[in-house]
A.B. asks: 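Mind having a look at this structure? Questions to follow.
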Amino acid sequence: MSLPAKRQGTYDDLIAIPDHLVGELIAGELITSPRPAPRHTRASSRLGGVLDGPFDRGSGGPGGWIILDEPELHLDGDVVVPDVAGWRRDRMPKLPDTAYFGLAPDWVCEVLSPSTEGIDRSDKMPIYAREGVPHAWLVNPITRTLENYRLRDRQWVLASVFRDGARVRAEPFDALELDLALLWAD
């Protein structure tokens, strides 16, 4: 397992990285990692697709959300890109005119991979807590788990862990049941 490359960087450096890499700025450090592997991409895409209809478009569900894949978040000097994120429409009624989001989401999901799990857990989760993101999911397509966190007093509390093909109701999308098997299917 190789660790992602790290070095001091600017937003201009971030823009200049090659397309085959994902770049983020965390505490002024430019972090690059390879594009996600197929299982990672599949889980992320499936999750966004499952949530889009009932929560973003309101088709067969409560609506009230904007759900996006890989939004670029500019949060107090850090530039991070969660795999999937969501904003309640009452906080963000329309998309910004910028290429990034300055408003922290109401939910983030990081799909873990061996090369980025440490950054997702140790670097990005504290940023999301600092910014007051109320809900976070860590999805691991290798171990087939979904860790559901809620923010309490700017600290993450593990609310639940779901495995394999469980059918779950996980905050903040507990209005509908999610079949985890869909995230791992080929």
Side-chain angles (χ1 to χ4, degrees), residues 1-52 55-56 65-89 91-143 146-147 149 151 154 156 183-184:
M1 170 178 81
S2 63
L3 295 176
K6 296 181 180 184
R7 70 176 180 84
Q8 289 301 111
T10 66
Y11 193 71
D12 287 337
D13 294 327
L14 188 64
I15 292 170
I17 65 168
D19 289 341
H20 69 281
L21 297 174
V22 175
E24 298 175 293
L25 286 171
I26 299 176
E29 192 169 33
L30 178 64
I31 299 173
T32 60
S33 52
R35 299 292 302 158
R39 283 184 192 206
H40 177 123
T41 302
R42 182 64 155 178
S44 179
S45 296
R46 283 276 174 95
L47 180 60
V50 166
L51 296 176
D52 179 68
F55 294 97
D56 192 320
W65 286 82
I66 294 175
I67 306 289
L68 298 171
D69 293 333
E70 298 186 349
E72 184 176 299
L73 308 177
H74 289 215
L75 305 173
D76 196 27
D78 294 307
V79 179
V80 293
V81 181
D83 291 293
V84 189
W87 289 260
R88 292 184 187 275
R89 286 188 185 270
R91 285 189 59 242
M92 188 174 78
K94 66 181 189 107
L95 295 174
D97 292 330
T98 58
Y100 60 87
F101 297 81
L103 178 66
D106 295 292
W107 166 80
V108 293
C109 177
E110 294 290 355
V111 179
L112 305 177
S113 59
S115 64
T116 63
E117 183 173 1
I119 290 167
D120 291 338
R121 286 185 187 278
S122 300
D123 297 329
K124 292 169 77 174
M125 288 290 281
I127 291 168
Y128 300 142
R130 177 193 75 208
E131 297 298 318
V133 175
H135 301 280
W137 290 3
L138 296 179
V139 171
N140 189 324
I142 296 169
T143 62
L146 182 156
E147 299 172 32
Y149 292 88
L151 194 62
R154 300 280 183 191
W156 290 114
L183 305 183
W184 328 129

A.B. asks: Apply salt bridge (charged side-chain N to carboxylate O under 4.0 Å, His left out) to Glu147 and list each qualifying residue two or more places apart in sequence or on a separate chain.
C.D. replies: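 Partners of Glu147 by the salt bridge (charged side-chain N to carboxylate O under 4.0 Å, His left out) criterion, ordered by chain and then number, come out as Arg121.
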
A.B. asks: Counting N and O atoms only, with roles assigned by atom type, does the side chain of Trp156 sit under 3.5 Å from a partner on the main chain of Ala136, one being a donor and the other an acceptor?
C.D. replies: no

A.B. asks: For a quick test of reading the model, state the closest non-hydrogen atom pair linking Pro105 to Pro134 and the distance between them.
C.D. replies: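 Pro105 and Pro134 have their closest heavy atoms at O-CD, 4.0 Å.
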
A.B. asks: Got a second to check how far Tyr149's OH is from Trp107's CH2, nearest 0.5 Å?
C.D. replies: 15.0 Å

A.B. asks: Which pair of heavy atoms, one from Ala43 and one from Val139, lies closest together, and at what distance?
C.D. replies: CB-CG1, 4.5 Å

A.B. asks: Looking only at heavy atoms, which two atoms of Arg35 and Asp19 are closest? And how far apart?
C.D. replies: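 So the two residues come closest at CD-O, 3.4 Å.
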
A.B. asks: Using side-chain contact (heavy atoms from CB on, under 4.5 Å), reason through Leu73 and Val81 one step at a time and then give a plain yes or no.
C.D. replies: CA-CA 6 Å; Leu73 308 177; Val81 181; over 6 Å; no

A.B. asks: Would you call Val79 and Glu24 a side-chain contact if the rule is heavy atoms closer than 4.5 Å?
C.D. replies: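 Contact flag for Val79/Glu24 side chains = no.
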
A.B. asks: Does Ser45 have any side-chain contact (heavy atoms from CB on, under 4.5 Å) partners at least two apart in sequence or in another chain, and if so, which?
C.D. replies: Thr41

A.B. asks: Tell me, do Val22 and Glu70 make a side-chain contact under 4.5 Å, heavy atoms counted?
C.D. replies: no

A.B. asks: So, Arg154 side chain and Arg130 main chain: donor-acceptor pair closer than 3.5 Å or not?
C.D. replies: yes

A.B. asks: Are Trp137 and Val84 close enough that some pair of their side-chain heavy atoms sits under 4.5 Å apart?
C.D. replies: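 When only atoms from C-beta onward are counted, Val84 and Trp137 do not touch, as no gap falls below 4.5 Å.
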
A.B. asks: Is the shortest heavy-atom distance from the side chain of Trp65 to the side chain of Asp106 under 4.5 Å?
C.D. replies: yes

A.B. asks: Taking His40 for the side chain and Val111 for the main chain, is one N or O donor matched with an acceptor at less than 3.5 Å?
C.D. replies: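 Side chain of His40 to backbone of Val111: a pair is present.
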
A.B. asks: Of the non-hydrogen atoms in Asp69 and Ser44, which two are nearest, and what is the gap between them?
C.D. replies: OD1-O, 4.4 Å

A.B. asks: What are the two closest heavy atoms between Val133 and Leu151, and how far apart are they?
C.D. replies: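 For Val133 and Leu151, the tightest heavy-atom pair comes out as O-CD2, 3.3 Å.
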
A.B. asks: Just by modelled atom types, is the Glu110 backbone N or O under 3.5 Å from a matching donor or acceptor in the Asp120 side chain?
C.D. replies: no

A.B. asks: Give, for atom CG of Leu112 and atom CD1 of Ile119, the distance between the pair rounded to the nearest 0.5 Å.
C.D. replies: 11.5 Å

A.B. asks: Are Leu30 and Leu14 close enough, and set up right, to give a side-chain contact (heavy atoms from CB on, under 4.5 Å), and what steps lead you there?
C.D. replies: CA-CA 7 Å; Leu30 178 64; Leu14 188 64; 3.7 Å; yes

A.B. asks: Any side-chain heavy atom of Pro82 sitting closer than 4.5 Å to one from Cys109?
C.D. replies: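 Contact flag for Pro82/Cys109 side chains = no.
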
A.B. asks: Between Ile142 and Pro114, is any pair of side-chain heavy atoms under 4.5 Å apart?
C.D. replies: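 Yes. Closest side-chain heavy atoms under 4.5 Å.
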
A.B. asks: Applying the side chain to side chain contact (heavy atoms under 4.5 Å, CB included) test to Asp123, which of Ile26, Val80, Thr116 qualifies?
C.D. replies: Ile26

A.B. asks: Should we count CZ of Arg89 as having more than 12 external heavy atoms under 6.0 Å?
C.D. replies: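 Atom CZ in Arg89 is packed in, count exceeds 12.
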
A.B. asks: At what distance, to the nearest 0.5 angstrom, does CD1 of Ile15 lie from OG1 of Thr10?
C.D. replies: 8.0 Å

A.B. asks: Kindly compute the distance separating CZ (Phe101) from CD (Glu72), expressed to the nearest 0.5 Å.
C.D. replies: 9.5 Å

A.B. asks: Taking atom OH of Tyr100 as the centre, does the number of heavy atoms from other residues, nucleotides or ligands within less than 6.0 Å exceed 12?
C.D. replies: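 It does not: Tyr100 OH has 12 such atoms or fewer within range.
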
A.B. asks: Mind checking whether Leu68 and Leu95 have side chains closer than 4.5 Å, heavy atoms only?
C.D. replies: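 They are in contact (side-chain heavy atoms under 4.5 Å apart), so the answer is yes.
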
A.B. asks: Using atom types as modelled and distance alone, determine if a side-chain donor or acceptor of Arg39 lies under 3.5 Å from a backbone N or O of Ser113.
C.D. replies: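 The answer is no, because no donor-acceptor pair under 3.5 Å joins these two groups.
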
A.B. asks: Closest heavy-atom contact between Ile17 and Thr32?
C.D. replies: CG2-CG2, 3.9 Å

